[in-house]
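Heads up: the structure comes next, in structure tokens.
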Amino acid sequence: MAFFPSLTAATSLALAVVTELAGIDPVRTKAAIERAEAQWLRFGLLHRQPRTR
């Protein structure tokens, strides 16, 4: 018997909620993701560097 239940259902639900919220305002969502990635880059948390255009 496992000590932890499967996280598949919870992960699927969380992804569905996030997808619906992102669809409400895609422009704002993209900007928020870019800000978060910029923070991660400053903290050295990104393993790959984003390509510059």
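Heavy-atom basis, side chains included; hydrogens, waters and symmetry copies ignored.
Side-chain contact between L21 and V18 is absent, with no heavy-atom pair separated by less than 4.5 Å. Looking at E34 and K30, their side chains come closer than 4.5 Å, going by heavy atoms from C-beta outward.
Taken from CD1 in I33 to OG1 in T29, the straight-line distance is 6.5 Å, to the nearest 0.5 Å.
Considering every non-hydrogen atom in both G23 and P26, the closest pair reads O-CD, 3.7 Å.
L13 and L7 fall into different hydrophobic clusters, where Ile, Leu, Val, Met, Phe, Trp and Tyr residues are linked whenever their side-chain heavy atoms come under 4.5 Å apart, directly or through other members.
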